[in-house]
Structures are given as C-alpha cells and as structure tokens.
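Below is one structure, written out as structure tokens; the observations come after it.
These values consider heavy atoms only, across backbone and side chains, with no hydrogens, waters or symmetry-generated copies. Residue numbering restarts at 1 for every chain, and letters A, B, ... go by the order of the sequence lines.
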Number of protein chains: 2
Amino acid sequence: MEKENELFGVKEIARRANVSTATVDRVLHNRTGVSEKTKARINAIIKEMDYQPNILASRLASRKIINLAALLPDVSEETDFWSAPLNGIRRAESEMKQYGVQVQVFLFDLNDKDSFATQIGHVLEGGFHGILVSPSFIEETRKFAAECSRRKIPYVFIDSDIPGLHSLSYIGPHLRKSGYVGAKLLTYRLEPEKKVLIINISKEIDNFNYLEIEDGFRAYFNDNNQPNEIVRIDIRETDYQSVARHLTYVFHLNKDIGAAFVTNSRVHTVASFLKNSHRTHVSLIGYDFVKENVDYLEDNVIDFLICHRPDDQGYRGMMALYQTLVVNAPVTKQNYMPIDIVTKENYEFYQN
Amino acid sequence: MEKENELFGVKEIARRANVSTATVDRVLHNRTGVSEKTKARINAIIKEMDYQPNILASRLASRKIINLAALLPDVSEETDFWSAPLNGIRRAESEMKQYGVQVQVFLFDLNDKDSFATQIGHVLEGGFHGILVSPSFIEETRKFAAECSRRKIPYVFIDSDIPGLHSLSYIGPHLRKSGYVGAKLLTYRLEPEKKVLIINISKEIDNFNYLEIEDGFRAYFNDNNQPNEIVRIDIRETDYQSVARHLTYVFHLNKDIGAAFVTNSRVHTVASFLKNSHRTHVSLIGYDFVKENVDYLEDNVIDFLICHRPDDQGYRGMMALYQTLVVNAPVTKQNYMPIDIVTKENYEFYQN
DNA sequence: TGGAATTACGGGCACGTGCCCGTAAAGGTA
DNA sequence: TACCTTTACGGGCACGTGCCCGTAATTCCA
C-alpha cells in the first residue's frame with residue numbers, strides 16, 4: 001500500500017553524480033553554469049535511469065502560469081455549431097487548471113474576414129504560450145502561422161487544415177473521405193435514373209473545405225460507376241428566402257432529383273424547403289449535429305447527418321498544446337477524426 | 001505571468017479560523033480530535049471560500065497508492081474484441097500513474113464460467129480500492145456486487161449492464177436501441193417481400209444481451225410497419241463448420257432471405273459462409289470493429305458494423321473510479337455510449 | 001485534590017521539483 | 001601579488017497538503 005522506498009528523481013541523480021540537486025536541475029532545463037564534464041556525466045545518469053520528471057511536483061513548485069489562447073468563430077444566429085468545440089475547450093481547461101494552465105478564448109465572425117484578422121492581432125499581442133485556431137481564412141492564417149513560427153509559439157488547427165504550414169497538429173476531419181462517405185449513404189438506396197443535387201450554401205467563396213468535400217463525393221460516384229447524373233448549385237446567401245428561391249429554380253429545371261447533399265451544417269435550411277414544398281421523398285444528407293438539423297432528422301426529412309466530433313476536436317486541440325508545453329510529450333501531426341454517421345435512431349446517444 | 005498572491009488553501013482557512021493547518025486538515029478528512037465548535041467554524045469558512053483542494057499537492061504529499069482492478073474476458077482465438085477495452089484501461093493507467101494510481105488486470109475465459117468465479121475471488125482478495133468489471137455472468141456478478149457493497153468498494157460495469165445492482169456507473173451501449181439502429185440500417189434498402197434472418201452465435205445461453213438487442217431489432221419492425229418476415233436461429237457452436245451447417249439449413253428452408261443481422265461480433269463467420277456459398281447479395285450487419293469483420297467490410301460482404309467504442313469504455317470506466325477515489329467528484333450512473341455506424345468508407349478513421 | 005486518562009490542538013517534516021542567492025574556485029589583468 | 005570578473009556549484013526555501021508526534025488543556029475518578 002505504500003510507495004517503494006527507492007530514492008527517486010532529481011535527488012537520486014544528484015547522489016549518483018556527486019552533485020547537488022540544483023546542478024541536476026540546471027542540466028534538466030539546460031541552463032548555463034555547468035561544466036561540460038559534469039553535464040555529460042549527469043546526462044548519462046539521466047538516460048540510464050530513464051528519468052521521468054514528476055509533473056505533479058514540477059507544476060506545484062513552478063509559479064509560472066501557462067497561458068493558452070483559442071480562436072474560434074462565434075456562435076451565430078445561423079448556427080450554434082461552434083459551441084461544441086468551445087465545450088471541449090472548456091472541458092480541457094478545467095482539467096488543466098490543476099496544472100496551472102489558463103485558457104483565453106477569442107471569437108470572430110465567420111461572415112467577416114476583418115474580425116478574424118483583428119482577433120489574430122489580439123492573440124499575437126497576448127503573449128500566449130500556445131494557440132488553437134480554426135483557420136477559416138487562408139491568407140490571414142498564413143500570416144499568423146508565419147508570425148507564430150518566428151516567435152516559436154506552437155499552434156494547432158482544428159476543423160479544417162491548411163496544408164504546408166508548420167502547425168503542431170491538425171485535428172479534424174479528412175474532408176475528402178467525408179464527402180466520400182456522404183455519397184455512399186446517399187446512393188445506398190438511390191434509384192439509378194434519379195439525379196443527385198449537391199448544394200453549397202456559404203457567403204465565403206475562398207473556403208476550400210467545400211471543394212474537398214465535393215471532390216470526395218464525386219470520387220465515390222466514379223469509383224463505383226454510379227450512373228446518376230450530378231447537378232450542383234452554389235448559393236451565396238444564407239437566409240431561407242434566398243435558399244428557397246434558388247432551390248425552387250433548380251428543382252424546376254430538374255424534375256427527377258432523388259437525393260440532395262449539402263456540404264455543410266446549413267442542411268436544415270434545405271430540409272425546411274423540402275418539407276414546405278412537399279418534397280420529403282428526396283433523400284437528404286448534410287453535416288453537423290446542431291439542433292435544427294437533429295429536429296429534421298427526427299422528422300424524417302434529413303436521412304443522415306455526418307459529424308466529426310467537434311467537441312472532441314476542441315478538447316484534443318487544447319490537450320495537444322498541453323502535451324507539448326507541460327508534459328513535453330510528442331504529438332501526432334495529423335489527427336483525423338472519425339466520420340460519424342448520425343441517424344434518427346442513434347442521435348440520442350451521440351456525443352458531440 | 002505569475003500566480004496571484006492571495007493566500008490559498010488550507011493555510012488561508014487556518015488563518016481565518018485562528019487554528020493550525022493540522023486542525024483544518026482533520027476537519028477536511030473528518031478525522032477525530034476536533035471540538036464541535038471549531039469544526040463548525042472551520043466548515044463554515046470552507047464553504048464560504050468554496051475551497052477546492054489542490055490535487056497536485058494532495059497526491060504528492062500522500063504516500064498512499066490507490067490500487068484499481070479490472071476484470072475482463074481474455075482475448076481469445078475467436079475474437080480480439082477485448083483488446084480494445086484493455087487498451088483504454090492502459091491509457092487511463094498511464095494518465096493516472098502520475099497521481100499514484102496503479103492498475104492490475106485480471107482476465108477470464110468467456111467460455112468458462114468457473115474462470116470468472118475464480119478471478120472474482122482473486123480480485124476480492126486483492127484489497128483493491130475500486131474495481132472495473134465486464135459482468136459476463138449474471139449470478140456470479142450478483143454475488144460479487146453484494147460483497148463489494150458490504151466492503152464499500154466502488155465498482156463499475158462496462159459493455160453490459162446488470163440492472164438493480166448498485167454499481168458506481170454503467171458504461172456501455174443501450175443494447176435495445178443498438179438493435180433498433182441495426183434494423184434501420186438493414187431495412188434501409190430492403191425489398192418488402194424479402195425475409196430477414198436474425199443470427200445468434202454463442203455458447204453461453206444466459207447472456208441476456210442478445211435478447212435485448214433482438215428485442216430492439218424487432219421493435220423497429222413494429223414501429224415502422226415493416227412487412228418483412230423475420231426468421232431467427234440460435235447457434236450454440238462457434239466454429240465455422242457448425243455455423244455453416246446451421247446456416248445452410250436455414251437458407252435451404254427460406255429461399256428468399258434478403259438480409260441477415262448477427263447479434264454479436266461473430267458476424268465474420270457468417271460473412272465467410274455467405275461468401276463461400278456465393279450469397280453476397282444478402283445484406284449483412286453485425287457488431288464490433290475487429291479485424292476479421294473489417295476485412296469483410298472492405299470486401300463488401302458486410303454492409304455495416306455497429307460499434308460502441310470499447311476502447312473508450314475501458315478508459316471511461318477507469319476514469320470513473322479515479323474521479324470517485326482521487327478527485328472525489330460525482331460520476332453519472334448511466335453512461336450510454338454512442339451507437340457508431342462503421343462502413344467500408346469510414347472505417348479507416350474509426351477510433352475504437 | 002491529586003493523578004491518570006482523554007481530548008484538542010500546534011509544530012514541523014515530508015513529498016519532488018523550481019529557483020534564488022551565496023560563495024569557493026578558476027581565470028584574467030596590471 | 002593584489003584585485004576583479006567569470007564560472008561552477010551547493011544550500012536551502014517554497015509550492016499546498018498529509019500526517020506523525022508532542023503537549024497543553026480538559027475531564028474523569030477515587
């Protein structure tokens with residue numbers, strides 16, 4: 001029931017090396033003031049003992065607070081999707097608080113590129129030790145990444161990735177595969193002569209997420225020789241009236257649409273349209289476990305939702321920073337989330 | 001960057017109450033040796049300050065080791081399903097080690113009730129502070145639970161529940177709903193005149209999991225007025241030859257079976273039979289993300305696998321014990337896992 | 001009223017690490 | 001040689017809590 005009595009840690013290293021614990025400490029944190037000779041000797045002993053510092057004692061003794069920042073889209077009246085990652089971040093925060101880690105959240109408007117740039121400025125001025133970002137705007141994110149690299153601040157991306165940057169980790173979906181899964185579900189019982197409609201509703205044009213998803217979606221049709229014709233539409237306004245207008249037109253031009261695939265969480269707007277226009281025979285698939293979508297799932301208007309555990313993304317993103325800054329443990333650079341399939345029958349147990 | 005300078009914790013309480021930290025400590029751990037008067041005074045201050053003990057310091061100062069036990073089925077040649085919960089348990093262990101928590105794993109043979117009883121004996125003799133159990137055998141588990149209650153040892157169940165016992169927590173699937181989801185997927189593109197076959201392959205008869213799952217499966221058919229006839233078969237031998245023999249007979253009797261549902265992870269045996277007898281047009285659904293099953297998923301013989309995150313079950317089960325014994329935080333009694341749907345297209349990102 | 005038993009409480013070390021401060025030794029300069 | 005700077009290292013307190021041990025204060029009993 002009692003711990004073994006071996007001498008542990010720094011003290012034991014000091015004893016074996018015939019130095020004081022202070023000297024060992026200097027070596028461990030590679031500070032100056034140790035001759036090369038003793039340094040080598042101590043390092044050898046550390047290696048031999050496979051010394052693992054006691055994080056409890058370390059964090060207790062250290063009076064430094066580690067400050068982390070998170071930069072996310074604000075919850076808007078259009079979607080509360082981003083409340084899920086925020087929850088995960090808060091969950092991580094409450095676990096890390098014990099270890100003297102503090103988290104500050106910065107929010108920006110997804111429909112306003114400037115607010116993103118402004119907040120990035122605030123984050124960079126804050127002197128944080130690590131940063132989590134949802135990189136919604138590519139160019140601004142590039143600048144941000146460059147600045148972080150210069151200052152040697154680790155940063156992680158969640159939800160969507162911008163390849164070619166030196167983020168500590170990416171935590172989010174494999175978008176292409178996600179679209180691929182969507183196509184599989186959509187065609188699973190689709191009649192061959194029916195058309196398929198891809199719908200992209202978004203104000204921002206330069207978001208390449210949609211392109212990746214659509215690419216994966218089409219790849220499934222190719223790989224499996226699906227005979228169905230694919231129609232696509234971009235809608236640049238997100239309000240119901242605009243969406244309904246565009247959809248009315250598309251459905252007028254294409255009488256035999258059997259299924260629709262929405263590339264983001266605005267699928268509930270399409271569901272609303274289908275229900276109002278009595279077209280519920282059309283299979284409908286879209287993204288994200290948000291309330292409006294779940295309501296239409298319950299109502300049999302949406303067939304499947306695809307989700308990528310946004311809550312977990314926030315949690316893991318913060319934990320990746322924690323692993324690096326506190327535990328000093330390695331972190332996997334690519335962290336693809338599961339592509340979850342949510343239906344009317346299993347949604348009540350889904351954990352965002 | 002530095003922590004605030006307020007006086008924290010026990011010291012501050014002691015200062016306010018005009019006593020020593022030792023006395024505060026006695027109150028906090030409700031030990032004897034404090035007069036009712038000062039006890040009340042100190043408790044009032046604790047409440048007023050909303051005092052949260054520093055777990056780092058607490059675990060560091062305490063020389064007690066907390067011992068946890070886990071009792072699981074062994075990985076057999078029939079299935080490596082139980083390696084997943086074991087992984088989760090190991091993951092939890094490595095996190096808790098920092099806090100002076102040790103984990104010991106006990107394994108039993110799923111086909112041998114006696115081995116379960118024997119191991120339960122060992123676990124109870126071990127003097128553990130908390131126990132995680134996969135309650136595969138009902139009667140033995142009841143006795144075990146009674147003994148734990150007597151000794152005031154908290155225990156959690158994973159993977160399947162035995163209602164009416166006072167487990168600290170149940171972490172696993174809602175089996176009935178899980179069968180319900182299976183039915184939905186199976187019928188999603190099933191032609192109305194086809195029959196549906198339920199297959200239960202298991203040596204143990206008194207496992208009520210299968211009953212729950214089948215019940216949920218049939219409930220879906222009722223709720224949705226599915227016209228399909230349901231055929232069922234119990235197979236008490238688990239080797240391929242026996243299963244093939246039984247299935248040959250059933251398929252001989254019922255020429256128009258369009259879909260099959262296997263109530264556990266042995267779906268790969270059925271897949272093997274279907275492939276060998278050139279019946280791959282039959283839709284097939286079963287349970288669990290084990291290698292053999294994934295191979296047949298890849299091969300288009302199995303359409304969907306249903307999974308309940310066994311890895312996470314192990315992790316969360318251990319964490320529930322940790323929360324109770326170390327952090328002294330409350331734990332939710334019912335912890336239903338998501339009912340995950342795994343397909344050929346998304347399995348590569350599935351996290352067990 | 002005296003002594004023993006019991007109760008109520010304080011002092012202080014320990015856990016393993018971080019880090020400030022002091023100082024002996026080594027090296028440098030005139 | 002005398003004095004100053006730099007280097008290399010040790011002593012020791014602190015972090016917040018657990019808990020042993022000692023002792024003053026109180027109660028008990030004859």
Side-chain angles (χ1 to χ4, degrees), chain A residues 1-43 46 49 51-66 97-101 325-328, chain B residues 1-43 46 49 51-66 97-101 325-328:
Chain A
M1 209 76 95
E2 298 283 313
K3 283 183 186 169
E4 314 148 44
N5 233 354
E6 296 175 36
L7 223 47
F8 260 88
V10 179
K11 258 184 214 163
E12 173 66 7
I13 300 176
R15 194 186 59 80
R16 294 200 202 181
N18 243 342
V19 294
S20 74
T21 60
T23 302
V24 175
D25 191 74
R26 275 183 271 262
V27 173
L28 282 171
H29 299 83
N30 47 304
R31 270 174 275 168
T32 58
V34 188
S35 69
E36 285 303 321
K37 244 197 312 185
T38 42
K39 191 172 185 174
R41 185 154 41 99
I42 291 173
N43 270 324
I46 289 173
M49 286 178 59
Y51 167 73
Q52 308 282 24
N54 183 322
I55 303 181
L56 266 72
S58 167
R59 291 307 306 163
L60 181 61
S62 168
R63 300 193 50 71
K64 288 230 179 63
I65 282 195
I66 291 181
K97 213 165 53 184
Q98 303 270 1
Y99 292 95
V101 179
L325 294 166
V326 179
V327 186
N328 201 17
Chain B
M1 209 78 95
E2 299 281 315
K3 285 183 186 168
E4 314 149 45
N5 235 355
E6 295 177 36
L7 223 45
F8 260 90
V10 179
K11 256 184 217 165
E12 174 65 8
I13 299 176
R15 194 187 61 80
R16 295 200 201 180
N18 243 342
V19 294
S20 75
T21 60
T23 302
V24 175
D25 190 73
R26 276 183 270 263
V27 174
L28 282 171
H29 298 83
N30 46 304
R31 271 174 275 169
T32 58
V34 187
S35 69
E36 285 303 323
K37 242 196 315 184
T38 41
K39 191 171 182 173
R41 185 155 39 100
I42 290 173
N43 270 325
I46 289 174
M49 285 178 60
Y51 167 72
Q52 307 283 24
N54 183 323
I55 303 181
L56 268 70
S58 167
R59 292 305 307 161
L60 180 62
S62 168
R63 302 195 48 72
K64 288 229 182 63
I65 283 195
I66 291 181
K97 212 165 54 185
Q98 303 269 3
Y99 292 94
V101 179
L325 293 166
V326 179
V327 185
N328 199 18

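OP1 or OP2 of dT17(D) lies within a sub-4.0 Å distance of a side-chain N or O belonging to Tyr51(B). Remark: His29(B) is in phosphate contact with dG18(D), judged by side-chain N or O atoms under 4.0 Å from OP1 or OP2. At the phosphate of dC15(C), OP1 or OP2 sits under 4.0 Å from a side-chain N or O atom of Lys11(A). Checking the phosphate oxygens (OP1, OP2) of dC15(D), no side-chain nitrogen or oxygen of Arg59(A) falls inside 4.0 Å.
Between dT17(D), dG18(C), dG16(C), one nucleotide has an atom nearer to the side chain of Asp25(A) than all others, and that is dG18(C). Taking every side-chain heavy atom of Ala61(A) into account, dA14(D) is the closest of dA14(D), dG18(D), dT17(D). With distances taken from any side-chain atom of Asn54(B) to the nucleotides dC20(D), dG18(C), dG16(D), the minimum falls on dG16(D). Each of dG11(C), dC19(C), dG16(D) was ranked by its minimum atom distance to the side chain of Ala22(B); first place goes to dG11(C).
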| task | Using a 4.0 Å heavy-atom cut-off, write out nucleotides 4-9 of chain D from 5' to 3' as B (base contacted by protein), S (sugar-phosphate only) or - (no contact). | result | ----BB
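Applying the salt bridge (Lys or Arg N to Asp or Glu O under 4.0 Å) test to residues at least two apart or on different chains, the pairs with a partner in residues 29-40 of chain B are Asp25(B)-Arg31(B).
Each end of the helix from dT1(C)-dA30(D) to dA30(C)-dT1(D) yields a helix axis from five base pairs, and these two axes differ in direction by 50° (to the nearest 10 degrees).
Protein atom CG of Leu28(B) is 12 Å distant from nucleotide atom P of dC19(D), rounded to whole Å. Counting to the nearest Å, the P atom of dT17(C) and the CD atom of Glu12(A) are 11 Å from each other. If you measure from atom CG of Asn328(A) to atom C1' of dT17(C), you get 15 Å, rounded to the nearest angstrom. Atom CZ of Arg31(B) and atom P of dA8(C) are 15 Å apart (whole Å). Per the geometry, CG belonging to Leu56(A) stands 21 Å off P belonging to dA14(D), to the nearest Å.
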Quick test: give all pairs of protein nitrogen or oxygen and nucleotides 23-27 of chain D nitrogen or oxygen below 3.5 Å, distance rounded to 0.1 Å.
none

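Here Ala22(A) pairs with Ser20(A), Arg26(A) under the side chain to side chain contact (heavy atoms under 4.5 Å, CB included) rule; sequence neighbours left out. Partners of Ala17(A) according to the side chain to side chain contact (heavy atoms under 4.5 Å, CB included) rule, which considers only residues two or more places apart in sequence or in another chain, are Val19(A), Arg41(A), Ile42(A), Ile45(A).
Shown here for Gln98(B) and Leu56(A), the closest heavy-atom pair between the two residues is O-CD1, 3.2 Å.
For the atom pair Ile13(A) CD1 and Asn43(A) CG, the distance stands at 9.5 Å (nearest 0.5 Å).
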| message | Using the rule given for side-chain contact (heavy atoms from CB on, under 4.5 Å), can you reason through Asn54(A) versus Arg59(B), listing the C-alpha separation, both sets of side-chain angles and the distance that settles it, and then say yes or no? | response | CA-CA 11 Å; Asn54(A) 183 322; Arg59(B) 292 305 307 161; over 6 Å; no
